[in-house]
Amino acid sequence: MLAFFRRLTHSKVGVIITFLVLGVIALAFAAGDVTGLSSMTGGAGITGGDVAKVGKADVTANQLKTQAQTEMEGFRQQQPTLDMATFVNQGGFDGTLDRIISSMALEQFGRAQGMVVSKRAIDGQIASIPALQGPTGKFDENLYRQVLAQRKLTDAQIRSDIERDTFAQQLTLPSNGATQVASQLALPYASLLLEKRTGTIGFIPAAVVPAGPAPSDADLNTFYQRNIARYTVPERRVVRYAMITPEAVKAQAVPTDAEIAKTYQQDSARYAATEKRDITQVVVADQAGAAAIAAKVKGGASLADAARGAGLEASTQTGVEKAAYAGTTSAQVADAVFAAASGAVIGPVRTPLGWTVAKVDKIEKVAARSLDQVRGEIAAALGIQKSAEALSSIHDKIDDSLSKNATFDEVIADQKLAAVTTPALIASGINPDDPASKPDPALTPLVAAAFQAADGDGPQLVQVGTDGGFAVVALGRVVHSAPRPLAQVRAAVLKDVTADRARQAARRVAGEVLARINKGMPIQQSLAQTKLPMPPARTLTAARAQLAADPRGAPPALALMFSMAPNTAKTLAAPDDSGWFVIKLDNVQSGNATGNDAAIKAARGNIARSVGREYVEQFAKAVRADVGVKTNPSALARVRSDLLGQGGSGN
């Protein structure tokens, strides 16, 4: 699950979001929330404003509120229009509380069993976060501290979250993967997937159904008021930024002749004459076995075949130099191999792992390269290095200024940067006032950072691209979500009202078609009686397995057909509101997977994954019961109310 976390943290915004959910995100692999709130007892024994007590630990109102805000922002990166009200009302708040409680319970249970998470393991996880790596590609302690300061976090909080996440993984991953399902149990499920159904489907397009008289102004106003969200512009933000890229420091990154000459001297061994060899080798446990293989190779057999005949596998190193080869074997073997002629068989030679037999497949003499020959190569490498150093220097200077509460304008003036101010953009980077507006991929991390910021927050540094470039980003202005006036969107409302009336008319026609079918009339004849120009009915045949085969999900009409009884008909709205389907199920052909090993194996795998998730869920429930969980309903209600009071921004 940390793989998901690390993908997210390729951006600074991802770091900020993930820091706070790191401790509980490991449970996300278990098909939603691992437990339900119904298993908790009342709030007896909980003091102050805490929302829950997990064993000996308390879940504070601020902890829950912060976690819910963070998770909502994480989901909003995938769904830019998501707001806090939708997040809470669709179960996000309850899910956040559930994950906090489960992770805390698992941590306490793990400690009680004697489990530990080392400081070194936590250090490694922090250092491996890509977005915390500076221009040199290594973990940047200053950048880490900057992120902590910006989000008002502490190193101890982050380490605690990582530790809790590790406990959760260590306890639940074995249960998730340790499942076996018998073939007889999988057989009926495999057979069900082989079931085939045949039906007839007709389509009544809304476009061919008369929509009635033109709507009046009153009709337009009523429709506008009822569908006000459709004409509401999401929250927008004006972003102020200045880019600092390698191109900006290009003049500072040009190496001098003296620097090139010095590098050539320092790396003289790299440019000296050398020899590279292709070597095949095998390591044998005993000397007699190694000697036998060497004899076969000297007799004309290939080393790979001779090794395979002894139950071993030879390995080949291509274009390897002596020092590198010695590092993988031993100095003694390297001396012998690099003293031999091409085609020679060396060994057996004793090594720490056994007896080595090697064969020199190819020898390549690499001539020495002069300074003039490698000048361009060295200049390019030094240019990259100096560019990274220049960017790092500017980054540190700006970072120092920001730590002293410098404003965006002060930073821009001090560093002589070119500031840019965007129009008011929605979270996806589009300007809704410009019909031709498209998101600029280069601005995506900047816009995301601006949507993470709150009014009054100082500027921040955001990494852009993979070449060490970054940007100074500040929130210029927040334009709150608001509906456009009816006069401004009247043409769109008129179009929508007309289309809605056509859809309703098409629905009535579909109902009439369905009624005739249910009385025994063939579907094509019933469609013809509408006297409307519509496409002919068509036959549809599919297997149940097709419902799960498409990663985008089965077409709704096909999914409905597999939920119907034979010789029945139903109507279904088209996914794009373009009309109505009329579907009749004509035939059901049962499947039989007996003897179909592939189908049974696939069913066993699918069931095993479900069983694994069920094991995790039941284990987490048992841990929670063992540790003990109590909640404070009144405190939970206050936090929920506070979050809903944040409106659409979720900030």
Side-chain angles (χ1 to χ4, degrees), residues 13 16-21 23-25 27-28 32-40 42-43 46 48-54 58-104 151-153 225-237 424 426-428 432 448 450-457 475 477-484 629-651:
V13 176
I16 294 167
I17 290 172
T18 311
F19 268 162
L20 289 176
V21 299
V24 294
I25 201 66
L27 296 180
D33 299 331
V34 295
T35 54
L37 295 175
S38 59
S39 65
M40 301 178 193
I46 302 177
D50 294 338
V51 297
K53 189 173 186 63
V54 184
D58 296 322
V59 181
T60 67
N62 185 61
Q63 179 183 0
L64 175 59
K65 185 176 180 180
T66 301
Q67 188 72 49
Q69 291 170 326
T70 300
E71 292 197 16
M72 191 280 291
E73 293 294 351
F75 286 120
R76 192 155 74 171
Q77 288 200 32
Q78 306 300 321
Q79 304 174 42
T81 59
L82 179 69
D83 58 27
M84 182 57 77
T86 304
F87 176 78
V88 171
N89 293 330
Q90 292 186 354
F93 175 76
D94 293 335
T96 299
L97 175 62
D98 231 15
R99 286 185 283 274
I100 292 175
I101 289 174
S102 292
S103 66
M104 292 175 69
R151 307 316 299 179
K152 299 178 176 63
L153 299 171
Q225 295 295 336
R226 289 178 177 174
N227 299 274
I228 194 72
R230 187 181 302 185
Y231 310 105
T232 296
V233 181
E235 178 185 295
R236 292 170 288 165
R237 299 199 170 194
I426 60 176
S428 64
F451 270 85
Q452 288 295 319
D455 275 329
D457 282 357
L475 174 59
R477 182 166 55 92
V478 176
V479 182
H480 295 291
S481 175
R484 296 188 186 278
V629 175
K630 296 179 180 180
T631 59
N632 186 338
S634 60
L636 286 172
R638 286 194 296 271
V639 175
R640 182 190 294 269
S641 177
D642 287 346
L643 291 171
L644 289 174
Q646 294 177 358
S649 72
N651 288 329

J.: For Leu636 and Phe93, which heavy atoms make the closest approach, and how far apart are they?
T.: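 For Leu636 versus Phe93, the nearest heavy atoms are O-CZ, 3.8 Å.
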J.: Please answer whether the main-chain N or O of Ala637 pairs with a side-chain N or O of Ser641 as donor and acceptor at a distance below 3.5 Å.
T.: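 Pair absent, no side-chain N/O of Ser641 close to backbone of Ala637.
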J.: How far does CG of Asp50 sit from CG of Asn62, to the nearest 0.5 angstrom?
T.: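 Answer for the CG-CG pair, Asp50 versus Asn62, is 11.0 Å.
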J.: Measure the CZ-CG distance between Arg638 and Asp642 for me, rounded to the nearest 0.5 Å.
T.: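 The CZ atom of Arg638 sits 9.0 Å away from the CG atom of Asp642.
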J.: Report yes or no: does Arg237 contribute a side-chain atom to a donor-acceptor pair with the main-chain N or O of Ala453 at less than 3.5 Å?
T.: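 The answer is yes, because a donor-acceptor pair under 3.5 Å joins these two groups.
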J.: Where is the tightest heavy-atom contact between Ile100 and Ser103, given as atom of each residue plus distance?
T.: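 Closest heavy-atom pair between Ile100 and Ser103: O-OG, 2.9 Å.
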J.: Determine whether a donor-acceptor pair (N or O, by modelled atom type, separation under 3.5 Å) exists between the side chain of Asp94 and the backbone of Gly91.
T.: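 It does not hold such a pair.
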J.: Which heavy atom of Leu643 sits nearest to which heavy atom of Met84, and what is that distance?
T.: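 Where Leu643 meets Met84 most closely, the heavy atoms are O-CG, 3.2 Å.
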J.: List the atom of Phe87, the atom of Glu71, and the distance in Å for their closest heavy-atom pair.
T.: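 Heavy-atom minimum between the residues: CZ-CB, 4.2 Å.
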J.: Considering non-hydrogen atoms only, spot the tightest contact between Gln63 and Val59 and give its length.
T.: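 Minimum heavy-atom separation between Gln63 and Val59: OE1-CA, 3.6 Å.
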J.: Roughly how far, to the nearest 0.5 Å, is CG of Asp58 from NZ of Lys630?
T.: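 Between Lys630 NZ and Asp58 CG, I get 11.5 Å after rounding to 0.5 Å.
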J.: If we count only N and O atoms by modelled type, under 3.5 Å, do the side chains of Asn632 and Ser634 hold a donor and an acceptor together?
T.: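 Side chains of Asn632 and Ser634: pair found under 3.5 Å.
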J.: Could you tell me which residues satisfy side-chain contact (heavy atoms from CB on, under 4.5 Å) with Arg477, sequence neighbours excluded, listed by chain and number?
T.: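 For Arg477, the residues satisfying side-chain contact (heavy atoms from CB on, under 4.5 Å) (neighbours in sequence not counted) are Val238, Val479.
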J.: Counting distance only, does the side-chain N/O of Ser481 pair as donor-acceptor with the main-chain N or O of Val233 below 3.5 Å?
T.: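 Judged by distance alone, yes, a pair lies under 3.5 Å.
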J.: Say you draw a straight line from OG1 of Thr96 to CD of Gln69; how long is it, rounded to the nearest 0.5 Å?
T.: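 Thr96 atom OG1 to Gln69 atom CD measures 10.5 Å (nearest 0.5 Å).
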J.: Looking only at non-hydrogen atoms, find the nearest pair between Val639 and Ala61 and report the distance.
T.: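 For Val639 versus Ala61, the nearest heavy atoms are CG2-CB, 3.7 Å.
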